[in-house]
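Within every chain, numbering begins at 1; the chains are lettered A, B, ... in the order of the sequence lines, protein sequences first and strands thereafter. Everything quoted here is computed from the prediction, not taken from an experiment. Only heavy atoms go into these numbers, but all of them, side chains included; no hydrogens, no water, no symmetry mates.
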There are 4 protein chains.
Amino acid sequence: MTAVTAPSGRKVPRGRIDKRQAILDAAFTVFARRGYGQSCVQEIANEAGVAKPTVYNHLTDKETLFRHAIEAAADAVMAENLAVVERLREPGDDLRAALEDMAYRMLQVCCGERSRALRRLTYAQAADFPDLIETVQGRTAIRLGEALADRLARLSLSGRLRPGDPAQAAEQLLALLTGPMEMRSRLGTRKVSTAETRTVARAAVDTFLRAYEAAAPGRP
Amino acid sequence: MTAVTAPSGRKVPRGRIDKRQAILDAAFTVFARRGYGQSCVQEIANEAGVAKPTVYNHLTDKETLFRHAIEAAADAVMAENLAVVERLREPGDDLRAALEDMAYRMLQVCCGERSRALRRLTYAQAADFPDLIETVQGRTAIRLGEALADRLARLSLSGRLRPGDPAQAAEQLLALLTGPMEMRSRLGTRKVSTAETRTVARAAVDTFLRAYEAAAPGRP
Amino acid sequence: MTAVTAPSGRKVPRGRIDKRQAILDAAFTVFARRGYGQSCVQEIANEAGVAKPTVYNHLTDKETLFRHAIEAAADAVMAENLAVVERLREPGDDLRAALEDMAYRMLQVCCGERSRALRRLTYAQAADFPDLIETVQGRTAIRLGEALADRLARLSLSGRLRPGDPAQAAEQLLALLTGPMEMRSRLGTRKVSTAETRTVARAAVDTFLRAYEAAAPGRP
Amino acid sequence: MTAVTAPSGRKVPRGRIDKRQAILDAAFTVFARRGYGQSCVQEIANEAGVAKPTVYNHLTDKETLFRHAIEAAADAVMAENLAVVERLREPGDDLRAALEDMAYRMLQVCCGERSRALRRLTYAQAADFPDLIETVQGRTAIRLGEALADRLARLSLSGRLRPGDPAQAAEQLLALLTGPMEMRSRLGTRKVSTAETRTVARAAVDTFLRAYEAAAPGRP
DNA sequence: TATGAATGAGCATTCATTCAT
DNA sequence: AATGAATGAATGCTCATTCAT
């Protein structure tokens with residue numbers, strides 16, 4: 001049996017880790033396909049290539065399974081989004097272009113299969129797992145807002161955006177991006193063309209800059 | 001006992017419209033409480049005060065039941081929203097104030113129990129009933145966007161907003177309102193104070209006006 | 001409302017009689033199509049073009065409905081069969097030909113839709129309505145055996161068949177006809193060609209005559 | 001408790017073949033008692049001493065359950081019948097006696113509980129499972145006819161029956177046995193005495209021999 | 001640890017039957 | 001007499017979960 005060295009430094013049997021991960025992946029796939037209530041543990045076990053009781057051995061419960069699968073997906077989605085925001089660290093000379101670039105990439109991430117499924121699943125189970133929402137939002141939207149706010153704050157400091165509450169600016173920029181996108185994609189049930197996505201990104205950035213760009217220097 | 005004495009004092013057949021509506025109302029209540037998959041027809045029947053087969057007599061299917069209940073709720077929500085937008089028809093002298101008023105009222109509607117539940121349910125079942133999403137979005141968000149666009153177009157014509165695409169303006173104003181609100185209410189799992197709601201409304205309108213207000217008249 | 005004179009001589013409202021008959025016909029059609037357990041009263045009502053409670057008004061019960069429908073069908077089938085046997089009253093010179101003719105016609109009747117359905121339904125419900133079997137058999141198979149026995153007795157008396165128990169002869173002739181036919185038609189699930197039907201009839205009569213024909217007159 | 005001590009004294013896994021067979025047996029018992037449509041899976045499960053889902057685990061469907069139960073019963077009945085026919089392989093000196101013996105034994109088998117139930121069930125469901133009829137007939141009546149034809153062919157070859165089509169002879173002999181028996185037992189709803197059964201057997205063989213016995217040897 | 005097998009609880013749906021009109 | 005509406009009682013089937021190996 002192969003083994004890997006876990007972050008903690010202890011040897012851990014690899015088969016175990018692999019299997020747990022396989023189950024979580026399978027779970028997210030199935031939950032995304034059917035929704036929580038309609039998913040059955042048997043299908044998840046099949047997808048993961050293990051027997052049903054093995055799923056229970058590793059993850060106790062359908063509910064626990066759901067929580068872990070969702071959290072894993074949230075982390076993955078967030079990593080992608082943070083990478084996009086990070087690009088604003090070196091915006092170059094053309095601020096508008098940099099923002100549009102970030103906006104477009106972010107929309108692409110948000111329209112991805114996993115991102116959509118995550119949103120749909122958390123939204124759907126809001127009533128049953130309110131604390132899960134809290135966790136997921138904390139690790140995704142809120143965290144993303146903070147990261148973006150950091151960048152915008154720097155841009156204010158460097159005089160490229162006017163001073164003001166960067167959290168609010170970030171919140172609104174995100175809203176200007178995701179709101180229209182959700183509407184146009186009909187909550188993800190309709191394909192939005194690249195061109196239209198670009199339009200949304202450009203319009204969002206345009207409005208954002210009108211509202212938040214520093215007054216043109218040199219204006220009397 | 002098949003007839004009841006209505007408040008008006010006349011005998012009214014209990015059976016007909018009455019019961020169908022009661023079932024639809026009960027269905028929405030239960031679906032909102034449990035989600036589609038977790039709701040059982042028996043509970044809906046209980047909530048409506050009828051026997052289970054009566055539900056089937058009137059509405060064929062669990063699916064049909066869902067569709068009709070959702071559509072009815074969508075229409076109700078939309079009526080409220082349209083009434084709010086309609087107020088912009090006579091904005092008075094203070095445009096900002098008028099917009100803030102509308103914005104605040106709209107947020108109130110969107111945070112209402114029914115509105116939230118509607119959003120949650122449609123989102124959750126997006127995969128299973130894509131055409132339902134289309135219908136509901138058509139009757140709510142899109143319709144609302146159009147109505148708002150109408151108002152904004154008028155305001156452009158009368159020179160109070162700068163010229164431009166009113167549909168995009170409406171789309172963005174709505175995004176600036178609902179996006180931050182969803183975030184702060186954690187998709188509706190957390191209560192947002194009146195004060196905070198007002199803040200969101202004010203911030204949205206502020207950003208909107210910066211981007212869309214007509215250049216100050218008298219500027220050369 | 002139109003009225004007819006019933007056999008008893010009293011005036012009877014026609015609508016009533018018509019409707020009852022329509023229901024019985026519809027019932028047999030549906031029972032034949034689905035079997036007893038799988039038939040639902042609603043489908044019978046639809047087939048008869050009346051409302052469900054009307055069926056109950058006329059026939060009390062699903063069970064009663066079944067019994068009456070079956071009995072009516074049994075009488076109809078029997079009338080056909082008796083007519084066929086009756087032809088033996090004047091057998092003409094060629095006894096073999098007369099028997100083959102009767103045999104073929106009888107097979108045709110027994111393979112008819114109604115006859116088959118009747119057999120299938122009574123057989124199927126033998127456990128649930130044993131007395132119904134008794135009644136139906138009495139009005140069909142047994143009665144047919146008696147009628148045939150009558151004819152055969154006459155043929156014995158006139159010296160064209162050898163003396164013996166005509167009831168047994170009739171019973172065996174019928175068995176030689178229906179047994180092979182049921183086998184070849186796979187209990188009615190397979191079409192039997194006219195030619196094959198003729199073969200069965202001829203073979204049955206041939207065997208029957210070998211066993212029952214009077215010794216050739218004039219043999220020393 | 002998952003293991004029982006078998007009569008042999010060894011521990012035997014309770015779960016496997018054991019249970020499947022118990023379910024099939026129980027299914028046939030219940031189907032025979034109530035008919036297909038009136039049988040409910042719960043009752044079968046009770047009869048088998050297992051939980052309802054166990055039935056589904058092993059046999060998928062009510063329909064599948066029916067098919068397998070019927071086929072098993074068909075095989076069992078056929079084995080009995082073939083054993084009876086096999087006795088004709090050594091007919092001894094007295095052909096008539098040998099045939100009568102076989103005939104009587106065959107009637108006993110055909111009047112047995114299982115045989116009757118099998119006939120009733122297949123007949124009843126002819127419309128719903130036509131292919132099942134085909135299978136069952138193939139494994140029972142047709143197979144039996146062939147086996148009997150084999151024996152009769154040998155008897156022809158050895159000069160004890162006159163030459164001719166042995167398949168037809170077999171078909172007719174079987175018809176002469178089962179036809180009258182069904183009639184007299186009222187499709188199995190009435191007990192037929194041993195004496196009467198013997199009479200039917202004797203009459204059938206008598207008629208058969210008249211028609212099929214070789215001409216008395218020594219006749220010029 | 002992994003699993004084949006078993007099960008208690010539940011759910012959508014159907015149907016025979018009955019009221020009240 | 002005929003019917004629209006309503007319902008109590010089943011029934012087939014699924015699923016999360018647990019044993020015993």
_Result of checking C:Tyr36, C:Phe28, C:Phe31 against C:Ile70 for side-chain contact (heavy atoms from CB on, under 4.5 Å)_ = C:Phe28

Quick one: [atom1] on [X] to [atom2] on [Y], what's the gap to the nearest 0.5 Å?
X        : Y        : atom1 : atom2 : result
B:Leu65  : B:Ser39  : CG    : OG    : 9.0 Å
A:Phe66  : A:Glu63  : CZ    : CD    : 9.5 Å
C:Tyr123 : C:Leu118 : OH    : CG    : 13.5 Å

*If a stem is a run of at least 3 consecutive Watson-Crick or G-U pairs, both distances under 3.5 Å, which stems include DNA chain E?*
E:2-21 with F:2-21

*Going through the distances and angles, do D:Glu47 and D:Asp25 end up as a side chain to side chain contact (heavy atoms under 4.5 Å, CB included)?*
CA-CA 9 Å; D:Glu47 184 89 20; D:Asp25 290 350; over 6 Å; no

_Whether D:His58 contacts E:dA6 is assessed here as follows: a side-chain N or O lying under 4.0 Å from the phosphate OP1 or OP2. Is that the case?_
yes

*For DNA chain F, find the residues of residues 122-130 of chain D with a heavy-atom distance under 4.0 Å and give them by number; none if there aren't any.*
none

*Please list, by residue number, the residues of residues 37-56 of chain C whose heavy atoms come closer than 4.0 Å to an atom of DNA chain F; answer none if no residue qualifies.*
C:Val50, C:Ala51, C:Lys52, C:Pro53, C:Thr54

Nearest-angstrom distance from the residue atom [atom1] of [X] to [atom2] of [N]:
X       : N      : atom1 : atom2 : answer
C:Phe66 : E:dA16 : CZ    : C1'   : 16 Å
B:Leu59 : F:dA6  : CG    : P     : 11 Å
C:Tyr36 : E:dA16 : OH    : P     : 8 Å
D:Asn57 : F:dC19 : CG    : C1'   : 14 Å
D:Glu63 : F:dT11 : CD    : P     : 19 Å
A:Arg20 : E:dA2  : CZ    : C1'   : 17 Å
C:Asp18 : F:dA1  : CG    : C1'   : 14 Å
B:Asp61 : E:dT14 : CG    : P     : 8 Å

_First of C:Thr60 and B:Thr60 reached from the 5' end of DNA chain E, by closest nucleotide_ = B:Thr60

*asked:* I want to check something: taking the side chain as every heavy atom from C-beta on, are D:Leu24 and D:Leu59 in contact at a cut-off of under 4.5 Å?
replied: yes

*Considering only side-chain heavy atoms of B:Lys62, which listed nucleotide, F:dA16, E:dT13, E:dT17, is closest?*
E:dT13

*For residues C:Ile23 and C:Thr54, report the shortest heavy-atom separation together with the two atoms involved.*
CD1-O, 4.2 Å

Please set out all donor-acceptor pairs under 3.5 angstrom arising from side-chain atoms of residues 124-133 of chain A, sequence neighbours excluded.
unit_1, atom_1, unit_2, atom_2, d
A:Asp131, OD1, A:Arg67, NH2, 2.6
A:Asp131, OD2, A:Arg67, NH2, 2.3

*Taking the six-membered ring of C:Tyr56, is the NZ or CZ of C:Lys62 close enough (under 6.0 Å from the centre) and on axis enough (within 45°)?*
no

*Looking at residues at least two apart in the chain, or sitting in another chain, which of them share a side chain to side chain contact (heavy atoms under 4.5 Å, CB included) with B:Thr135?*
B:Glu71, B:Arg139

*Of all residues at least two apart in sequence or in a different chain, which pass the salt bridge (charged side-chain N to carboxylate O under 4.0 Å, His left out) check with D:Arg34?*
D:Glu43

